[in-house]
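For reference, the structure is listed below as C-alpha cells.
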Amino acid sequence: LGSIERIKAVAQRIKESKDNGNDLVVVVSAMGHTTDQLTQLASEITIHPTLREMDMLLSTGEQVSISLLTMALNELGSPAISLTGTQAGIITESAHGRARIIEIRTERIKNLIDQGKTVVIAGFQGTSLGIGGIAEITTLGRGGSDTSAVAIAASLAAEKCEIYTDVPGVLTTDPRIVKNAQLMKRISCDEMLELASLGAAVLHPRAVEIARNFGITLVVKSSWDKLDGTTLTSNKNLTFSKGGIEHRSPVDGLELVEDQAVVALSNIPDRPGIAAELFESLSDGGVNVDLIIQATHQLNTNDITFTIAEYELNRACAQCEKLINIVGGEISYKKNQSKLSIYGAGIMGRAGIASSLFQTLSDSEINIRLIATSEVKVSCVIDAEFGKKALRNVGEVFKLNNKQITINPIIENKDEPEVRGIALDKDQIQVSVKNVPDQPGTASTICSTLAEKNISLDTIVQSERNHKTKTKTKDISFTLKKNDRSEAKYLLQELLSKWKGSKLEEGNAIVRISAVGSGMPFTKGTAGKIFRALANQKINIEMIATSEIRTTCIISEKYGEK
Ligand code: ASP
Ligand code: MG
C-alpha cells in the first residue's frame, strides 16, 4: 500500500473478489516504509523509548491504511468498514513490542460480514486485557501483519488466507544469490519452517506456525500481478480447546522409532569429498540413511555417525569397510537403538524446550547417544531398553495425550521432492564444548544454562566420539545466533570450569546451508548428492546435522554463496 495509487489498485482487486461472491476480511500493513519512518522519529527523541509508547506510535501506521483503503472501497461502491486490532477483538498477551495472540473475539467481524461488508482490519496490532482489565494497544513484532491475518483466518475458519506481498511467492532459494531460483507452486508449512532464513524473508514465521497448527491453507502471491504464487499446505487441524492461538505448548508430538542402529566412523580424514564418498557408497549399496551427524573436526580427522534401520546394518558396514580400507579410520556400530523425537512448530526458536527434553532423559537416568535437531524437531538416540520409559516421562513433561504419542509411525510417501528448497543462514557462529562428561545430564545442563538467559541453540550435534580419558568424555557442538555470542561464551566458560579438562572452542566463521524436502526420508542418496556438490567445489564440511526432511551442512563462511 505504498501510495494512494496502490491503495486504489488494491481496492479494485478486493472489489473484484467480493463481486465474485467471496466474503472477505482484509488485513493490512502500514503504507510503504511508514513503520521504519515512525521508528526513526522516535529515535530522534530518545534511544530508550518505553515499549508502550513505541506500540502506541507504530500502531498508527496500520490505522492510516485501514481508513484509506476502506474509503477507496466505499468510493468504488463496495461496502466496507475498518477496524483497529482492538475493535476487531484481537486479544494478545501484554508483552509490548512482541505480543503473541491469545484469542480473537470474532462476533463483531462476523456481524459485519453478515451485513455484506468487507471488513478491513489493522494488522500487526492487538489489545492486551491488562491488569484490572485496562486495555492497552500491543504490537506483534515487525512483520506481524502476516500473523494477524493467519490468526484471523484460523478464528473465522476461513476457506483460505492469501498474503499479497512484493515477491511472486516462495522461491527455491535466495534469488539474489542464485539467478535461476524457481518459484515453488507448493510447499508444506513444515518445510517452510525448516527453510528458516528463506521462509522468513517471505512470511513472518509465526504466521506459518499458526497455519501449520490450524490447518489453514495459506497462499503467498504478488500484489503486482495475477499469478498463482505459492500455496503452503498443512495437514494438522487443531481445535481451539487447548491454549490460545499462539499459546499452545510448542511441542505437539512425540515419537519413538525402534530397531535402529548407529554406525560411527572415527578418525577418518577431514577433507572435502569423504562424506560424499561415504554416502554415495551407502546409497549404491541400497542403504537408506536417517540421521547423519558430524561434529567439528579433531585436528585433521573427523567422525561421522549415522543411523539406519537395524536390518540394513550388514550392508551398511560392508560399504563403510570398503571406504575405510582406502582412506583409513575405524568403524564401530551399536544395535538395539531407538530414536525418540519431539516435534512442533518453532521448537528450536524457544529456548528451554530442547533443554527440558534433555533434562527429562537425564532425570530418568537415560544417556543420550546422539542428538540431532532441526527447526521443528529434536531427536535423541538412546538404548532401546529405555525407549518406553523415555516415552512415558517425556510425554508427561510436555503434557501430551495418547493421540500425540506414536511408536514406529508409518509415514506415507506422497511423492514429494527429496529437496524442495535450499536456505543459507548467515547469522550463526559455531561453538564446541570438548571433553565434557559422557553421562546423563551433560547436554541438559549446557542447554538449560543458556536457556535461562533466553539463548537458544540452533544446530546441536553430539557425536559418537568418546575420549579415552580417565572418565569417559564427549564433545558437543552447536551453532547459535551471532547476537548471543558474548553472553553464551561467558556462561559456558563458567559452566565448563566445573568440568575438569573440558574446554570451549569457537570455530571459524561459518554459514549453515540447509536442503529441505518432504521426500527426503523416502529417497536414498540425497545426502550423498549434497555432499558431492560441496566436494566438487572443494568445500570442506565442518558439521553435519540432519532431521527427516532436512540436511544441514556447516561450512566456512567464505563458501556460503558459492
Ligand atoms: N507494519 C509492520 C512492520 O513494518 C507490520 C508489517 O509490515 O507486517 O513491521
Ligand atoms: Mg510488512
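Note that the structure is a prediction, hence the values are computed from the model and not measured. Note that ligands are numbered from 1 as they come in the structure, with each ligand's atoms numbered from 1 the same way.
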Glu62 heavy atom under 4.0 Å from ligand 1: yes
Close approach of Gly144 to ligand 1, heavy atoms, under 4.0 angstrom: yes
SB check Lys489 Glu487 (cutoff 4.0 Å): no
Salt bridge present between Asp190 and Arg212 (N-O < 4.0 angstrom): yes
Within-cut-off N or O pair, Gly143 and ligand 1, under 3.5 Å: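 Yes; at least one N/O pair falls below 3.5 Å.
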Polar proximity ligand 1 side, Ser145 side, N/O cut 3.5 Å exclusive: yes
Where ligand 1 meets Thr35 - atom numbers and elements under 4.0 angstrom, heavy-atom basis: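 Counting atoms of ligand 1 from 1, those under 4.0 Å from Thr35 are 1 (N), 2 (C), 3 (C), 4 (O).
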Proximal atoms of ligand 1 relative to Arg142 (non-hydrogen, under 4.0 Å): 3 (C), 4 (O), 9 (O)
Heavy-atom side-chain proximity of Val397 to Leu357 below 4.5 angstrom: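 No, too far: nothing below the 4.5 Å cut-off.
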Residue list, salt bridge (charged side-chain N to carboxylate O under 4.0 Å, His left out) with Arg485, at least two apart or on another chain: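 Arg485 satisfies salt bridge (charged side-chain N to carboxylate O under 4.0 Å, His left out) with Glu506 only.
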By side chain to side chain donor-acceptor pair (under 3.5 Å) - contacts of Ser188 (at least two apart):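 Side chain to side chain donor-acceptor pair (under 3.5 Å) list for Ser188, sorted by chain: Glu191.
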